[in-house]
Every structure is written in C-alpha cells, then in structure tokens.
There are 2 protein chains.
Amino acid sequence: MRRRILDRSTTPHRLSSVEEGPDVDIKATLVRGGTSKCWLFSAVDVPRERDTLEALLLAAYGAADRRQIDGVGGATSTTSKAAVVGRSRTPGVDVDYLFAQVGIGENVVEWGSNCGNCATAIALYAVTKGLVPTTGDVTRVRLHNLNTGARLDGLVSTPGGLVPAEGTATVPGTEAAGVPVGLSFLDADGGTTGRLFPTGERRQRLVSGSLAVEATLVDAGAPLALVTAADLGLSATESVEDLRSRLGDLIDLRAAAAVRMGLRTADEPVRHAVPKVGVVGPPAEHKTSEGHVVGEDEHDVAVRMLSMFDVHPVIGLTSAVGVATAALEEGTVVARAARRRTGGTVRLGTPGGVVTVTVTGPAATDGAPRREVTVQRAARVIADATIYTPALV
Amino acid sequence: MRRRILDRSTTPHRLSSVEEGPDVDIKATLVRGGTSKCWLFSAVDVPRERDTLEALLLAAYGAADRRQIDGVGGATSTTSKAAVVGRSRTPGVDVDYLFAQVGIGENVVEWGSNCGNCATAIALYAVTKGLVPTTGDVTRVRLHNLNTGARLDGLVSTPGGLVPAEGTATVPGTEAAGVPVGLSFLDADGGTTGRLFPTGERRQRLVSGSLAVEATLVDAGAPLALVTAADLGLSATESVEDLRSRLGDLIDLRAAAAVRMGLRTADEPVRHAVPKVGVVGPPAEHKTSEGHVVGEDEHDVAVRMLSMFDVHPVIGLTSAVGVATAALEEGTVVARAARRRTGGTVRLGTPGGVVTVTVTGPAATDGAPRREVTVQRAARVIADATIYTPALV
C-alpha cells in the first residue's frame, strides 16, 4: 500500500481525493486458473478490515462501470475475480484464501462463494511466490477457503522441485496451455448426507410421473442423481442444444431424487440446486461444442449434467468428483456405462471436452487413509503488477 | 525482455518451449484513455522487428482465445488495444507511437489504424514516465502516429508542473474520472479536400430524391455533411433508437453530399465512410442513452451523427472537431442552431453525453498561426506490470 504516484503529486484533484479517502498503490499478480482469470493479492499487502478491502477491490477493478474500463477487471463473471492469499496459522493448512467475486457495473463484492478455478491459480501462486516450498515433482498446497470453510489441496507440477512458468496442460473451455495443477477433494464422500450412497443402494429405479429410469444416487463432492442415458432414449454424447429438449424430464427426475436422497421431504418445496442431475452413457465418438471430435478411446464415460435450468457447458468440479467416484464403485450406473479401467483415473466426456479425474485411496467409509479425488486442471501466472486505485470513497 | 521465471525453471515443458521460440517477461503499463484501455510498451523494451513484436503481443494478450483468458487482453475491441511508445527523433515531435489492435479469438494484429483514445493515454503516459518534461499547468505532448502518419497533440493537465495520478474529468461513455487530457488536432481544416468549405458555400440546399434540406458541407478533422435537423422533422436530441427510423434518409443525403464535396463523381459507387453525416439542432433538454438528463444550458448545440449504417452512440473525435469548427463559422447551419458563445469552446450534446471541444487560433485559410481544435478527454494510469508471455510460436 505504498503511494508511489501520490508522492510526486500535490494537485488539487489529489488533495481533495485524499480528504475523501486514501488512494493506494497495491501489488497484485494475475493468474489464470482453468477458465478464470484471478488477481491475487498477498494478505500482507491489503487491509484486514473487510469494508476497506472491499472498497480497495471495487476501486482497483473499476467495478462501478459495467465495462470495468477504469480498472483491472475483465467485465465478465470469470474475469472479475480476486483473492487475498496468505500463509495459514492453522495446523495442516499451508494457505488461507479469501475469494471475492467483484461486481460488474455495481459497487458490490460477493463474499459468500468459493471458486475452484481460482483455487488452482492460488496453488500455483503459492509455490511461485515461495509461500510453500516445492517438494519434488509435485508440490501439494493445502488450501483453506475462508469464505466457506472448504479444505482443498492444489497439486502443482514442480518437476525436479522447480516451478515452471508454463506447461502443456489444458482444460475444456480454452486451448491455452498451462502448468498442470490438480485440484484435490479430500474426504468428499457423504459430505452432505453422511453416506456415499444415501439410499444404501448403488443403483435403483427412479420414477417421476410416467418416467422410470435406472439411476445412481451418490454423495461425493456434491449430491448427484446420475441417470442411465439410454433409459431416456439418450446417449449422453448429445450437444447442449439437443439435450435442452429433455430439460423438463431431467428437472422432474432431480426433484424426485431429492426426496429419495433425504435432501427434502415430499411436502417441502422443490430446490433446484440439489442434487445435481445428469445422464451417463458409454464412451462414443462425439463432437464438443467447439466442434472438436472426441474419439471413443479418448474418454471413459460420457456425461451431460444440468446446471440449474440449463445444460452445463462442461461439468462442475464437484460434479466431476461425484461422477468419477461413482465410476469406480462396482454396480453403479456409471460403472456399468464406463469403460473398465485398470487405475483410478476416469476421463469424463463432457460437452466442452474431456475432464480427467484421478481417485486414490479407499472410500472414506472404509476407514483411513481417506479417499482423495483430484480434477486435473491448468494454471499460468500472467503478470505481476502494481495497481493504482483512484481515491476510495 | 528479461526471463525472470525462466531463470529458476528447467522443466521439460519449458525446454521444449524454448526450442520453439523465446518466452519473454515484458514491462507494460495499463492506461485508460477515454473509453478505451490500452497496454503501453516502451519502445526500448520490445522487438523492433514487426513479426516478432506481433508474436509478442498475441502471446501477451492471449489473442487466440476469444475470451483472451490466458493473457492481459480484455476481449472487447476497446480493451484489446496496445501501443509501443518511444521518444521521437523527428524535429517538432516528442513521441512516436505504433498502435496495435490485437485480435480477439484469432492470432492477428491490425496495424492499419490509429486510436484517439489511446493517443490521450499515451500523452499521459509520456509525462508520467518522464518521456516529456512537464511545462507548467498544461504539458503539450507532440505525438506522431507511426501507423497513419497522423500528428496529434496531447494536452495533459499538470498543475504546478506535477503529474497527477488522477483527476475529476470524465468523458461520455463512462462515469470514471481521470486526468484531463485534451486531444488536439492542428491544421485540421481542409485535410481531405484542401478547403474548409469544399463547395465554397457555408450552407446550401442539399437534395436527394424528394428530400431537400439545408446543410453545411465542411472539411475539418474529417469531411462532414451536417444537416439542419428541423428540415427532417427532427430535433437532433432524439434517442439512438428514435433516430434509427431515419437512417435511410441520412444515408441518401450522405451519398448526395459526397458528390457535392468532390469526394466522388455521380458515376462512382457510393462509399459509406465519407463524408460523415449527421443532424444538428438548437440546445434543448434531453436524456442520454444512460438516462441522465442534459439540461438546455449544459450544451451549446445538439448533434446526432451516423457511423456507417447506424447512429453513433456518442460522436467520433474527428466529427467533433468538424462540428465545433463549423459552430464557430458564421453562416453555417451549426452556427445558426448553436447557442451564441463568447469563447472558442463548444459543448456538443450527443446521445452519450456532452463532448467539449475548444477551438483556438484563426482558420488555417487565414494564415498562421494555424487553428487548433481540442477535444477534452480524460485518462488514468491503472497499473504497471511485468507480463509473462507463454512461448512465442
């Protein structure tokens, strides 16, 4: 928070600004994580007080303007993200971070959520900036999200103990290459309901109106209702547009699954956020939304998920955890659809491309060590900067 | 072009990248000029060779991706701009700059154009970085655009000889405040046709089909055909949407004016870029596109210009030069519509808000000193950065 330009300026504008509130020069690092761009701030550089921090971010991003033309924001939801990152005092945690979704066209910061893409960016930042020493070819960064309390691990590729500036890993949604960073969910089984299979069954008949399908109701990463695509006359390799014609059926099945999973009683109003619902099918050649061909041998299972009231363009990170977990559990509809694998890696064929998930360790219900599910991501440090904010008001 | 991260990295990814081409760490400064954001690079920091420079910019911006997610670009035409700035060796010029419109979703840089908004950003950058010493309360930066050969002056507010970090000036299109920077056009009269009034008349009857209107055909900044709004049953305070119903008439009048101004013969095909066409009317209270009320006493003349086949959301900088010049010439349709002013400042009421233009000196046709027309703009330095580009290919 040095005032570099202020030091050589005594203009009337500036003086009146100072009376309103301090303007600050603040160091920050721009890092891409997956399909998001996040400006990361060191906790030692920014105010601890939340209102002051919020004012700083709003000024730095030019949040009041819907094009964020006077700041470092990118004026889209995936490019108007920030996080404050610092060493953690909590045992077993390396890094605490506070995630901020900065307003676009309004002076508001949303503090209530987490962002998996930013978590991968933070893991790479932590090793790049020396917050966490490298440990061999992969460095584990134990992350604690201060917004939600979530614990995540970032597994950063550090070949030979060195931090790469770039890499060749990609994620669906962009062709840009980056450093491989795994985003790892520990003890994800039964996080919401307490059980990996809340009904006690690995697959079951799910009925809604005239629909009757075979489904696996699983709670790993998030509660999921995964339906055999063929039971709806689908393949799970449909385009987003084609699958939209079946949104109504899937929304109905989601509502029915919620009752079966104990997420609501039949009398309670329907909630559309849980469980997440989708269809699964055997691997088969198909095209991504960008028109790239995905060969049958390039994925292990085809999956199409909903996001609230639309088809998800790729797959949510927590949904990827659940689908991969179910793929490795004998008897589920996912395991029956999926190519038989030898290891714990599951390649999910999504509308946006292939998402690779690695599952290690036994199920949490089997006792320690806990199961760890890692979604393969990519991140890259784009820039280090000193940001000059206008006067905070 | 230091390789800061490279120095501590010898990963396989990196080594293979180096074989393809160098990756570079490059210093740059993000400056807002008006309604554009431009990354500015010092000429001493970047390659002179155009292909290498282009590869560097494409990599730095993440241009290949339509969301520019892996770079510093903002993924819109007004936020995917760059310029290389250096001291000029040309007598009478302080700063040479090369403007780059960086591709969005394609690895292409357009080198053929200039950008007035970036020119104001460059003027502020030049005094902020010490390329040009300050001279009292306003510092003139004599700019030479290497793309088009254009000469422009930036008049940067430097009260007491000090460079402000921010200011209270605004431009239509954003409410963000910035340092006042005037963008000054010297000797703008007759730039295309050789005469301020190419027909020799200050106003005349312009006929197209059944339309007959009173118009001023003027060449200042750019060739303009300015029509008395009342002759079309308009006020020149219409909303963009309302004026769209009369696009056909204005396009027809533009085609007729081109012939009268000697910009084409009646046999040649119609060109839609010249002259620029619009309507003018007396000041009257109206609302901007953003809904802000502009009082009758807050502008001197109302103007609505076309941009090719649509209504311009504000007014082009060169059109602003022409309208203000005509407002100060007795007998033009603009002078007849405009509030009588005592000085050389003309406030143009546009759909986006008020644009203020200052005209000093006699007309070029009257001999030295030349007339200077200055559009009032605003700029702000947003950040200084080191950008890490992936390997150039």
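FYI, side chains are in, hydrogens and waters are out, and symmetry mates aren't considered; it's all heavy atoms of this structure. Sequence lines set the chain letters: A, B, ... in the order given, protein chains first and strands last, and positions in each chain run from 1.
Evaluation of the side-chain contact (heavy atoms from CB on, under 4.5 Å) rule for B:T135 yields B:T139 as partners, not counting sequence neighbours.
Atom OG1 in A:T158 sits 6.5 Å away from atom CG in A:D137 (nearest 0.5 Å). Rounded to the nearest 0.5 Å, atoms CD1 (A:I122) and OG1 (A:T128) are 12.5 Å apart.
For a residue to count as touching a neighbouring chain, one of its non-hydrogen atoms must lie under 4.5 Å from one of that chain's; by this rule A:A28 does not touch chain B.
Two residues are said to be in side-chain contact when any heavy atoms from C-beta on lie closer than 4.5 Å; B:W39 and B:V102 fail this criterion. Annotation: side chain of A:C118 is not in contact with side chain of A:Y125 (no heavy-atom distance under 4.5 Å).
The candidate from A:R66, A:R380, A:R67 with the greatest count of non-hydrogen atom pairs under 4.5 Å with chain B is A:R380. If you tally non-hydrogen atom pairs under 4.5 Å between each of A:S36, A:G34, A:A64, A:G160 and chain B, the highest count goes to A:S36.
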From CA spacing to verdict: side chain to side chain contact (heavy atoms under 4.5 Å, CB included), B:D384, B:K129: CA-CA 11 Å; B:D384 277 308; B:K129 297 297 182 185; 2.8 Å; yes

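Contacts from residues 71-82 of chain A to chain B, taken as heavy-atom pairs separated by less than 4.5 Å, involve A:G71, A:V72, A:G73, A:G74, A:T78, A:T79 in sequence order.
Of all heavy-atom pairs spanning A:T170 and A:A177, the tightest one is CG2-CA, 4.1 Å.
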